[in-house]
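We count ligands from 1, going down the list as the structure has it; atoms in each ligand are counted the same way. From a predicted model like this one, the values you see are computed outputs, not experimental measurements. Here, residue 1 is the first one in the sequence, and each next residue gets the next number.
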Amino acid sequence: ELRWNHQDPDYLPPEIDTSKPSIARVYDAFLGGKDNFAADRAVAAEGMRHFPDRGEGARQNRAMLFRGVRFMAEQGIDQFLDIGSGLPTMDNTHSVAQRVNPGAKVVYVDNDPIVLAHARALLQTNDDTRVITADMRRPDTILRHPQIEGFLDLSRPIGLLMVAVVHHLGDDEDPHGLVDRYKAALAPGSYLQLTHFCSCAPEVRALEGVLLKMLGTGRARDMPEILSFFDGLELVEPGVVHLPEWRPEQPVRTPLGLGGVCIAGGVGRKP
Ligand code: SAM
């Protein structure tokens, strides 16, 4: 884990290279956030040139993340492991979960050290929330992390979030095998919320091309492949769908636009 104490809010630790785009900051640029640099904005601008959704896909993803967290919290889940959590935004997993279950414990995991830099400041006063820098490709390191052991009780149900992160794994990295290792570590009654860039429209392939070229990552997969990440779990209604269709709070306008179809996902419960 990286550690620093610095009073200057604009201080960036030296391991953060702002000359190259980072996934977390490009996503922040798609969301219209402030925590991004020219290299990140260039990727987002090129992406939106090929995929003119004005950031709608990212916003829909963020909104579905919160609907899922609220749903799990309402089922009694009071501990969450948010892998590939991204930069903090207006609302965040811990605030949504703790609104339903005060005292709910949340651990954020991201391999981009800028997430820790930003989240630290935000979480200074929240004893129930932690953030660690680790790579999801090392499940044992994450599940046995000293910041997690003794904080989350993995013998009880948790909510595992892998939201818009698994598409950053290549096929050669065995994404299904990796998700299976996390599922195997969950206690019965736990939930997995997973969303994934979906090859449902030809324009998504164009966006995928931009991301792979400029960022080196960001693979679209088809619906059956996304569905199979939930193998062995009971799918919560309405199953794996385009994100605006997952338990919407307001009637959904159809047909869905580009931003509505570019990511699919759902929530599953471990029996
Ligand atoms: N989960 C958030 C959401 O859906 O709003 C953020 C999604 S953002 C598109 C993907 C995040 O996953 C980025 O912050 C990136 O740094 C992180 N990430 C990518 N590969 C990762 C890895 N191998 N291990 C941990 N985090 C990773």
K.L.:
Find out whether D153 and R156 are in side-chain contact, i.e. whether some heavy atom of one side chain is under 4.5 Å from a heavy atom of the other.
P.N.:
yes
K.L.:
What part of R62, side chain, backbone, both or neither, has a heavy atom within less than 4.0 angstrom of ligand 1?
P.N.:
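For R62, the contact with ligand 1 is made by the side chain alone.
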K.L.:
Considering distance alone, does some N or O of N61 sit under 3.5 Å from an N or O of ligand 1?
P.N.:
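Yes, since at least one N or O of N61 sits under 3.5 Å from an N or O of ligand 1.
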K.L.:
Mind checking what makes disulfide bond (SG atoms under 2.5 Å apart) contact with C262, not counting sequence neighbours?
P.N.:
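C262 satisfies disulfide bond (SG atoms under 2.5 Å apart) with no residue once adjacent residues are dropped.
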K.L.:
Nearest 0.5 angstrom please: F51 CZ to F30 CZ, how far?
P.N.:
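The CZ atom of F51 sits 8.5 Å away from the CZ atom of F30.
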K.L.:
If you draw the axis of the six-membered ring of F151, does the NZ or CZ of K105 fall within 45° of it and under 6.0 Å from the ring centre?
P.N.:
yes
K.L.:
How far is atom 10 (C) of ligand 1 from the closest protein heavy atom, and which atom is that?
P.N.:
A164 O, 3.3 Å
K.L.:
Measure S22 to ligand 1 on non-hydrogen atoms and call it side chain, backbone, both or neither using the 4.0 Å cut-off.
P.N.:
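For S22, there is no contact with ligand 1 at all, from either part.
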K.L.:
Closest non-hydrogen protein atom to atom 3 (C) of ligand 1, residue and atom name please, with distance?
P.N.:
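Here the nearest protein heavy atom works out to Y27 OH, 3.3 Å.
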K.L.:
Is R144 atom CZ crowded by more than 12 heavy atoms from other residues, nucleotides or ligands, each under 6.0 Å away?
P.N.:
no
K.L.:
For D28 and N36, test the side chains for any donor-to-acceptor distance below 3.5 angstrom and give the result as yes or no.
P.N.:
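Note: D28 and N36 side chains meet the donor-acceptor criterion.
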K.L.:
If you have a sec, work out which protein heavy atom is nearest atom 2 (C) of ligand 1 and how many Å separate them, to one decimal?
P.N.:
S85 O, 3.3 Å
K.L.:
List ligand 1 atoms under 4.0 Å from R137, heavy atoms only on the residue side.
P.N.:
23 (N)
K.L.:
So for ligand 1, is V163 a polar contact partner (N or O within less than 3.5 Å, distance only)?
P.N.:
yes
K.L.:
Which part of A134 is near ligand 1, with near meaning a heavy atom under 4.0 Å away: side chain, backbone, both or neither?
P.N.:
backbone
K.L.:
Going by heavy atoms in the side chains, are V96 and R67 under 4.5 Å from each other?
P.N.:
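Side chain of V96 against side chain of R67, heavy atoms only: no contact under 4.5 Å found.
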K.L.:
Does the side chain of I114 come within less than 4.5 Å of D35's, by heavy atoms?
P.N.:
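No, their side chains stay 4.5 Å or more apart.
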K.L.:
Could you tell me, atom by atom, which parts of ligand 1 come under 4.0 Å of a heavy atom of D112?
P.N.:
16 (O)
K.L.:
M136 versus ligand 1: do any nitrogen or oxygen atoms come within less than 3.5 Å of each other?
P.N.:
yes
K.L.:
Are any of the N/O atoms in D135 less than 3.5 Å from those in ligand 1?
P.N.:
yes
K.L.:
I want to check a possible cation-pi pair here: R25 against F37, using under 6.0 Å from ring centre and within 45° of the ring axis as the test.
P.N.:
no
K.L.:
By number and element, which atoms of ligand 1 are closer than 4.0 Å to a non-hydrogen atom of G86?
P.N.:
6 (C), 14 (O)
K.L.:
Looking at ligand 1, does any of its N/O atoms fall within less than 3.5 Å of an N/O of D82?
P.N.:
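No, D82 has no N/O under 3.5 Å of an N/O on ligand 1.
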K.L.:
With atoms numbered from 1 as shown, which atoms in ligand 1 lie under 4.0 angstrom from a non-hydrogen atom of N111?
P.N.:
16 (O), 18 (N), 19 (C), 20 (N), 21 (C), 22 (C), 23 (N), 24 (N), 25 (C), 26 (N), 27 (C)
K.L.:
Can you figure out which of D110, V109, T133 has its heavy atom closest to atom 17 (C) of ligand 1?
P.N.:
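Answer by nearest heavy atom: D110.
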K.L.:
If we only count heavy atoms from C-beta on, is the R70 to E74 side-chain gap below 4.5 Å?
P.N.:
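R70 vs E74: side chains touch.
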K.L.:
Does ligand 1 come near enough to G84 that some N or O of the ligand is less than 3.5 Å from an N or O of the residue?
P.N.:
yes
K.L.:
Starting from atom 19 (C) of ligand 1, which protein heavy atom do you reach first, and at what distance in Å?
P.N.:
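Ranked first by proximity to atom 19 (C) of ligand 1 is I23 CD1, 3.7 Å.
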K.L.:
Through direct or indirect side-chain contacts below 4.5 angstrom among Ile, Leu, Val, Met, Phe, Trp and Tyr, which residues connect to L31?
P.N.:
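The other cluster members (ILVMFWY side chains, heavy atoms under 4.5 Å, direct or chained) are Y27.
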